[in-house]
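Any value given below was found using the heavy atoms of this structure, including those in side chains, with hydrogens, waters and symmetry copies removed. We name chains A, B, ... by the order of the sequence lines, and we start the count at 1 in each one.
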There are 2 protein chains.
Amino acid sequence: MTRGVRGAGPTMHDVAAAASVSHQTVSRVLNDHPSVRPETRQRVLAEIERLGYRRNPAARSLVTRRSRAIGVLAPEVTQHGATSSVQAVESAARAAGYFTLVTTAAVERSAARAALGFLLDQGVEGLVVVAPHAEIEAAVSELVVPLPVVALQSARAGRLDWVGVDQELGARMATEHLLALGHTRVAHVSGPAGYFEAEARRRGWSSALAAAGLEPAGVVEGDWTARSGEAAAAALDPDVTAVVCANDQTAIGLVAGLRRQGRRVPTDLSVVGFDDVPEAAYVDPPLTTVRQDFRLVGERALARLLAAIDGVQAPAEDDVLRPTLVVRESGAPPRPR
Amino acid sequence: MTRGVRGAGPTMHDVAAAASVSHQTVSRVLNDHPSVRPETRQRVLAEIERLGYRRNPAARSLVTRRSRAIGVLAPEVTQHGATSSVQAVESAARAAGYFTLVTTAAVERSAARAALGFLLDQGVEGLVVVAPHAEIEAAVSELVVPLPVVALQSARAGRLDWVGVDQELGARMATEHLLALGHTRVAHVSGPAGYFEAEARRRGWSSALAAAGLEPAGVVEGDWTARSGEAAAAALDPDVTAVVCANDQTAIGLVAGLRRQGRRVPTDLSVVGFDDVPEAAYVDPPLTTVRQDFRLVGERALARLLAAIDGVQAPAEDDVLRPTLVVRESGAPPRPR
DNA sequence: GCACTTAGTACTATTTTTGAA
DNA sequence: GTTCAAAAATAGTACTAAGTG
């Protein structure tokens, strides 16, 4: 790489000439090699500054056989969660002297495959993949290239190295909160099929009910959007008194749908969300939800990836984070019949 | 760049040996040079496939003097707007054979300066900068490196090449909507000082009032968050009947704050937002707001940047996009006194 | 100890050679 | 012989690492 098309900047050779040393000495100054006299170092540094010299990363990569690039594959959504995690990966990588190539792709195998090929073409040293869906996980697992990979928002028991929040536990906590309020008919508006987190949250909901000796009160499949939550309002069993939603958007949509039916939350029906998006505290009613630390997930994922790149084996079981329940006002005891 | 630390993959030389040609012929095949016999081409392609060969981008960059990298500087927020635009830049860049280095930085001059330095160190050929604040614009303007730059969410009249939506017009449309409903006391909850879009939206609000011969009914400064919107509820003049908010988050917060005071929207007070975030249609009441096409902004920005990189002068005045007013239910005629 | 010279990195661009019409 | 396509050989790219004064 050099300075764009036209503005080819000074090379190490130019700096060397200006400082009356060899280009190798300039290299040593830049790499903090001990064998440089302080005054020589100063002179070189001064010329670097004066000429505005920057090392050519391409030439460096070529000889060091290191790209210092980390590929990130993310689904093409603007969800708060994925966005936060990806940003955390990026800043942690930068702090560690790497840069990230973030590529988005549709949640679909061939798109993911193409995106991964693109990242591989750029010579990345490792991959962080937001793999919320089986199709993306499959595209990653197909990769024959022996590259360190860490998955996010993926299946805990999958084939890939994994960092994430215990989704099942989160959904169980949300459900237990409703049970503690006295609800016995608790339904679920799920995420779409094929999404690991959707499945884990559904398991959490049903296992909490099973543990309490209750029958699940039906599942309506949503697609993470508020629109699907709104539509779910019409599909709910009439005797349901509480609903665990797959995420906050769905919960916000469900509340809107119920309102259009003339039913109030939490008076007529209790609703809990998942994620704790920034708006959750300000909608009507303020949403009781499950918070996850998305930035921490991103940081841990990068730490794990760097360990793998350096050939260090990271501890396996210590990257399952616990979510927390945030109780606000969208849950209340069921109306007496 | 090569295949990570350990897995140094095959080189062009290896492919050449396997196909019994010179490495130069392999290069020609890869670059679609005409002087290769079809059967030779096939043989080379087959070996590339069989060996899983990928070109080394570092070696390529070194000799072509092109990095094919585009730097993107974005503020470290997960706002729907910036995120959408950045994603659009990324996918448009990929389609054009470039990759993007997205770096986030705090909205503060030294952080932006450091982030730009980082991008420059990576040898980017151009920059897309989300520069919503004067401090970021200043950090970019300081850059002596003669690199093509396009700014987003920035000042239209600034020193930088610019692509964006006419914020002032959007705020004017929002305000005129309230005036058409019969309001005469229209306040504004603004964005924070120093943000170009905050200032433009404020100008749009006040100019619409001035054009109608009305006095502005006061400004409360917010910080784009729902929290600040909620706080603004307490700071509003009692005789205000409508409020133009700096963005949807602020509007959602304001509605929540008013609700806590026992005032209903739109019965007691009308509120309009800005941006049309995905939740806007599902909150209570569904938010009347100003929609901007964030993805289009990103695509136009990239197109403009590529034109600059190729040394083509892009037309100056044709990248001011028009927002649209989305009328929902948070506006109504003022209550008769 | 300090700094220079040389070699090597994996490509693309340029020039030269080969072989066939 | 001359010409032209095909492919080889060579040079150059900006660095780091190893060997040499």
Legend entry - B:Asp161 with B:Arg304: basic N within carboxylate O range, under 4.0 Å: yes
Inset, instruction - For A:His33 and C:dC2, give me the distance from atom NE2 to atom P, rounded to whole Å. - result: 11 Å
Inset, instruction - Check the side chains of B:Thr104 and A:Glu90 for a donor-acceptor pair under 3.5 angstrom, ignoring hydrogens and angles. - result: yes
Legend entry - Below 4.0 Å: OP1/OP2 of C:dC2 and any side-chain N or O of A:Thr25: no
Legend entry - Gap between atom CD of A:Gln153 and atom NE2 of A:His133 - 0.5 Å precision: 13.0 Å
Legend entry - Charged N-O contact under 4.0 Å between A:Glu142 and A:Arg113: yes
Inset, instruction - Five pairs at each end of the helix from C:dC2-D:dG21 to C:dA21-D:dT2: take the axis at both ends and give me the angle between them to 10°. - result: 50°
Inset, instruction - Give me the ring orientation class for B:His13 and B:His23: parallel if the planes are under 30° apart, tilted from 30 to 60°, perpendicular past 60°. - result: tilted
Legend entry - Length of the CG-C1' vector between B:Leu51 and C:dA10, whole Å: 16 Å
Inset, instruction - Take atom CZ of B:Arg65 and atom C1' of C:dT12, then tell me their distance rounded to the nearest Å. - result: 12 Å
Inset, instruction - Check whether any side-chain nitrogen or oxygen of B:Arg66 sits under 4.0 Å from OP1 or OP2 of C:dT12, and answer yes or no. - result: no
Inset, instruction - Considering just the side-chain nitrogens and oxygens of B:Arg37, establish if one lies under 4.0 Å of OP1 or OP2 belonging to D:dA5. - result: no
Legend entry - Name of the residue among A:Arg60, A:Arg54, A:Arg94, A:Arg68 meeting salt bridge (charged side-chain N to carboxylate O under 4.0 Å, His left out) with B:Asp121: A:Arg54
Inset, instruction - Show your reasoning for whether side-chain hydrogen bond (donor to acceptor under 3.5 Å, both in side chains) applies to A:Thr40 and A:Gln42. - result: CA-CA 5 Å; A:Thr40 310; A:Gln42 282 316 312; over 6 Å; no
Legend entry - Heavy-atom side-chain contact between A:Ser91 and A:Arg295 under 4.5 Å: yes
Inset, instruction - Considering just the side-chain nitrogens and oxygens of A:Ser35, establish if one lies under 4.0 Å of OP1 or OP2 belonging to C:dC2. - result: no
Inset, instruction - Could you state the atom-to-atom distance from OH of A:Tyr53 to P of D:dA14 in whole Å? - result: 10 Å
Inset, instruction - Return the minimal non-hydrogen interatomic distance between A:Phe294 and A:Ser85, and the atom names on each side. - result: O-OG, 2.8 Å
Legend entry - Nearest to side-chain heavy atoms of A:Asn56, which nucleotide of D:dA6, D:dA14, C:dC4: D:dA14
Inset, instruction - List the protein contact pattern of nucleotides 16-21 of chain D with one symbol per nucleotide (5' to 3'): B for base contact, S for sugar-phosphate-only contact, - for none; contact means a heavy-atom distance under 4.0 Å. - result: BBBB--
I'd like a table of atom pairs between the protein and nucleotides 18-21 of chain C - only N or O on both sides, under 3.5 Å - with the distance next to each one.
none

Inset, instruction - May I ask you to verify if any side-chain N or O of A:Arg41 is less than 4.0 angstrom from the OP1 or OP2 atom of C:dC2? - result: no
Inset, instruction - Quickly work out the A:Arg54 CZ to D:dA14 P distance and round it to whole Å. - result: 17 Å
Inset, instruction - Show the numbers, then the answer: is there a salt bridge (Lys or Arg N to Asp or Glu O under 4.0 Å) between A:Arg300 and A:Asp293? - result: CA-CA 11 Å; A:Arg300 291 274 178 93; A:Asp293 191 339; over 6 Å; no
Inset, instruction - Report yes or no: do B:Asn31 and B:Arg55 form a side-chain donor-acceptor pair below 3.5 Å? - result: yes
Inset, instruction - Report yes if at least one side-chain N or O of A:Thr40 is closer than 4.0 Å to OP1 or OP2 of C:dC2; otherwise report no. - result: no
